[in-house]
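See below for the structure under consideration.
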Protein chains: 2
Amino acid sequence: MRLNESGKTSSVTRGTIRAVAEELFAENGIHGVTTRALAEKAGVNMAAVNYHFGNKDNLTMAVFRDVARRSVQRRLDNLARIEAEAEARGVSPSLKDTVEAFVDAYVNEDTPRTGVLLAHLVLQHRVRPTEWTRAIVQEELDDFALSYMEALRRAAPHLAENVLHWRYHFMVGAVMMSLSDQTSDGRMRRLSGGLCDPENRVEFKAQMVSFLVDSFGQPETAEIRMAHADP
Amino acid sequence: MRLNESGKTSSVTRGTIRAVAEELFAENGIHGVTTRALAEKAGVNMAAVNYHFGNKDNLTMAVFRDVARRSVQRRLDNLARIEAEAEARGVSPSLKDTVEAFVDAYVNEDTPRTGVLLAHLVLQHRVRPTEWTRAIVQEELDDFALSYMEALRRAAPHLAENVLHWRYHFMVGAVMMSLSDQTSDGRMRRLSGGLCDPENRVEFKAQMVSFLVDSFGQPETAEIRMAHADP
DNA sequence: AAAATATTCAAACATACGTTTCAATCATGC
DNA sequence: GCATGATTGAAACGTATGTTTGAATATTTT
């Protein structure tokens with residue numbers, strides 16, 4: 001095995017497999033990709049997958065860990081940017097900018113597949129958690145989630161801590177499920193008679209941001225406080 | 001095969017298989033149930049599954065079609081009830097009652113497994129759509145979605161048609177993903193340090209309803225209108 | 001009670017996967 | 001330029017799963 005300057009293995013085949021895997025995962029979902037189909041599309045032998053990645057799970061894990069990192073990095077960059085911009089004007093980031101920093105990572109034009117792939121990962125973890133989906137979610141996404149909630153707390157200081165948590169998870173759910181609509185049967189487009197389409201990234205972002213600003217912007221009601229205390 | 005009064009096949013074994021299947025699907029997800037495990041837990045022979053249901057897909061489909069119907073029926077009943085109550089007072093149903101009529105079907109104590117099972121179905125359809133998931137979603141759920149949106153339109157008449165559609169799907173996403181959190185790794189509980197728990201049905205309902213009322217209650221902004229018109 | 005039909009059972013079967021093997025080829029360092 | 005190790009290739013292997021089989025048993029019908 002050839003080693004590159006950083007000590008990692010390097011190989012055209014390895015790179016091809018990885019790239020084709022990412023493409024196929026985005027199209028067909030995690031369980032919709034067989035070693036044979038992957039090898040054929042990549043123009044390599046089946047054994048190459050195991051030779052270069054050990055086994056299929058390792059390859060899958062590598063692809064999705066990378067996707068998770070990219071999405072987190074984008075959102076951290078977004079947060080840093082809006083914080084710098086806000087500071088320059090002597091204010092804190094607005095709620096709108098804060099939720100936009102989150103949603104943007106899934107719908108921007110620069111990283112077109114990230115959103116769909118991350119939705120595949122997260123939904124797969126929900127439908128059938130495995131050791132490696134758990135590892136990626138906890139190791140790559142959980143820390144970010146907590147630090148994002150800090151940003152959200154600053155942008156919506158009127159929300160009680162528990163309300164903030166609930167709504168963060170509602171937000172994640174709404175985003176993930178909308179993204180996954182692109183890869184299944186296009187339910188939103190069908191039900192709306194073509195009026196709405198989650199593949200329209202500009203409107204997706206605008207609708208999602210306004211939806212979230214509207215809900216995060218409201219203070220908690222007495223009723224919720226009671227339901228939490230109740231049990 | 002014995003036939004009952006309505007002409008349908010009847011059999012204790014058949015009923016047992018169905019009941020155990022539903023239980024296992026709720027626990028382990030759609031792909032987490034093998035014919036062997038199912039037969040063992042039900043105390044029947046493996047071949048009984050194929051004898052009574054033709055094949056495994058048929059059984060799965062029967063279980064989930066039933067789940068989908070139950071959830072739709074519950075929500076239709078809820079809608080009918082709040083409309084009758086509102087009419088008795090000479091008003092139309094409130095937005096809060098309307099969204100509560102939706103959420104209730106997933107978190108009430110009477111049908112405890114419906115929510116989790118429906119989440120499994122919908123997420124499975126998103127992760128890996130098949131002929132039968134498509135059939136159930138379109139045949140059992142789509143009509144209801146459209147008629148529910150009519151109720152929502154009456155309760156939130158300030159929302160433009162496209163905004164209504166987007167937000168309906170955001171709502172479904174938030175509900176489904178929160179339900180699925182119960183069957184995977186309990187992310188909400190973990191990240192909130194135990195502060196929030198989607199298995200707490202009372203708080204789930206209250207938080208979800210207030211989240212949705214806050215967002216559906218707001219009129220659309222000029223910005224969204226532009227994004228829709230834009231490209 | 002006998003015949004016909006429905007149901008159960010253990011075992012064999014089919015197959016779609018990921019994985020391993022091992023020989024052939026290619027690249028690299030000496 | 002040859003020896004060593006890395007890479008590729010075709011085929012075989014192992015396994016988990018749904019499915020079918022055909023005899024044995026139970027149930028229903030007449």
Side-chain angles (χ1 to χ4, degrees), chain A residues 1-22 24-25 27-64 124 127-133, chain B residues 1-22 24-25 27-64 124 127-133:
Chain A
M1 195 182 287
R2 198 172 42 190
L3 301 184
N4 68 12
E5 62 285 352
S6 65
K8 292 186 178 169
T9 58
S10 148
S11 150
V12 178
T13 303
R14 188 185 164 92
T16 308
I17 291 172
R18 223 187 139 104
V20 171
E22 185 171 313
L24 284 179
F25 282 137
E27 271 175 30
N28 305 326
I30 292 175
H31 283 354
V33 182
T34 65
T35 308
R36 283 173 176 78
L38 170 60
E40 186 174 5
K41 176 143 188 174
V44 305
N45 190 275
M46 261 202 320
V49 172
N50 295 319
Y51 179 75
H52 287 285
F53 291 91
N55 57 39
K56 196 198 173 193
D57 259 24
N58 265 339
L59 166 62
T60 312
M61 196 166 33
V63 168
F64 281 98
Q124 185 64 48
V127 160
R128 190 137 185 66
T130 64
E131 192 48 45
W132 70 262
T133 60
Chain B
M1 196 182 285
R2 198 170 44 190
L3 300 185
N4 67 11
E5 63 284 353
S6 65
K8 293 185 178 170
T9 59
S10 147
S11 150
V12 177
T13 302
R14 188 184 163 94
T16 307
I17 290 172
R18 225 188 137 106
V20 171
E22 186 171 311
L24 285 179
F25 282 138
E27 272 175 30
N28 305 327
I30 291 175
H31 283 349
V33 182
T34 66
T35 310
R36 281 172 177 79
L38 170 61
E40 186 175 4
K41 176 144 187 172
V44 304
N45 190 275
M46 263 200 324
V49 171
N50 295 318
Y51 179 75
H52 286 286
F53 291 91
N55 58 36
K56 195 196 173 193
D57 258 25
N58 264 340
L59 165 61
T60 311
M61 195 165 36
V63 168
F64 281 96
Q124 184 65 48
V127 161
R128 190 139 185 65
T130 64
E131 193 47 47
W132 70 262
T133 59

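Scope of the values below: all heavy atoms of this structure, side chains included, with no hydrogens, waters or symmetry mates. Each chain gets a letter, A, B and so on, in the order the sequences are listed, and its residues count up from 1.
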key: Under the side-chain hydrogen bond (donor to acceptor under 3.5 Å, both in side chains) test, residues paired with B/Glu22 that sit two or more places apart   = B/Arg70
key: Separation of C/dC9 P from B/Ile17 CD1 (nearest whole Å)   = 10 Å
query = Is the shortest heavy-atom distance from the side chain of B/Asn58 to the side chain of B/Met61 under 4.5 Å?
reply = yes
ask   = Over how many whole Å does the gap from A/Tyr51 atom OH to D/dT7 atom C1' extend?
value = 5 Å
query = Given C/dT19, D/dT19, C/dT7, which nucleotide is nearest the side-chain atoms of A/Lys56?
reply = C/dT19
ask   = Taking atom P of D/dG18 as reference, at what distance in whole Å does atom CD1 of B/Ile30 sit?
value = 13 Å
task = Sort and list the pairs that fulfil salt bridge (Lys or Arg N to Asp or Glu O under 4.0 Å) and have at least one residue in residues 31-40 of chain B, not counting sequence neighbours.
result = none
message = Output the rounded distance in Å from CG (B/Asn50) to P (C/dT7).
response = 15 Å
message = Between B/Asn55 and B/Asn50 (side chain of the first, backbone of the second, donor and acceptor by atom type, cut-off under 3.5 Å), is there such a pair?
response = no
query = OP1, OP2 of C/dT8 versus side-chain N and O of B/Thr13: anything below 4.0 Å?
reply = yes
Nucleotide nearest B/Arg36 (side chain, heavy atoms from C-beta), chosen from D/dT19, D/dT8, D/dA12 = D/dT19
task = State, with a plain yes or no, whether a side-chain heavy atom of A/Arg128 is found less than 4.5 Å away from one of B/Gln124.
result = no
ask   = Whole Å only: how far is the NE2 atom of B/His31 from the C1' atom of D/dG18?
value = 13 Å
inquiry  = C/dG18, OP1 or OP2 - any side-chain N/O from A/Asn55 closer than 4.0 Å?
reply    = no
B/Thr34 side chain near D/dT17 phosphate (N/O to OP1/OP2, under 4.0 Å) = no
message = Looking at D/dG18, I'd like to know if its phosphate oxygens (OP1 or OP2) sit under 4.0 Å from a side-chain N or O belonging to B/Thr35.
response = yes
ask   = Any side-chain heavy-atom pair from A/Phe53 and A/Arg18 closer than 4.5 angstrom?
value = yes
message = Short of 4.0 Å, heavy atom to strand atom, which residues of residues 38-49 of chain B count as contacting DNA chain D?
response = B/Met46, B/Ala47
Under 3.5 Å: donor-acceptor pair, side chain of B/Thr133, backbone of B/Pro129 = no
task = Take the protein atom CG of B/Leu59 and the nucleotide atom P of D/dT19, then report the distance between them rounded to whole Å.
result = 10 Å
query = Is the distance from OP1 or OP2 of D/dT8 to the nearest side-chain N or O of A/His52 less than 4.0 Å?
reply = yes
ask   = Separation of A/Asn28 atom CG from C/dC17 atom P, in whole Å?
value = 12 Å
inquiry  = Whole angstroms only, please: what is the CZ-P distance between B/Phe53 and D/dT20?
reply    = 16 Å
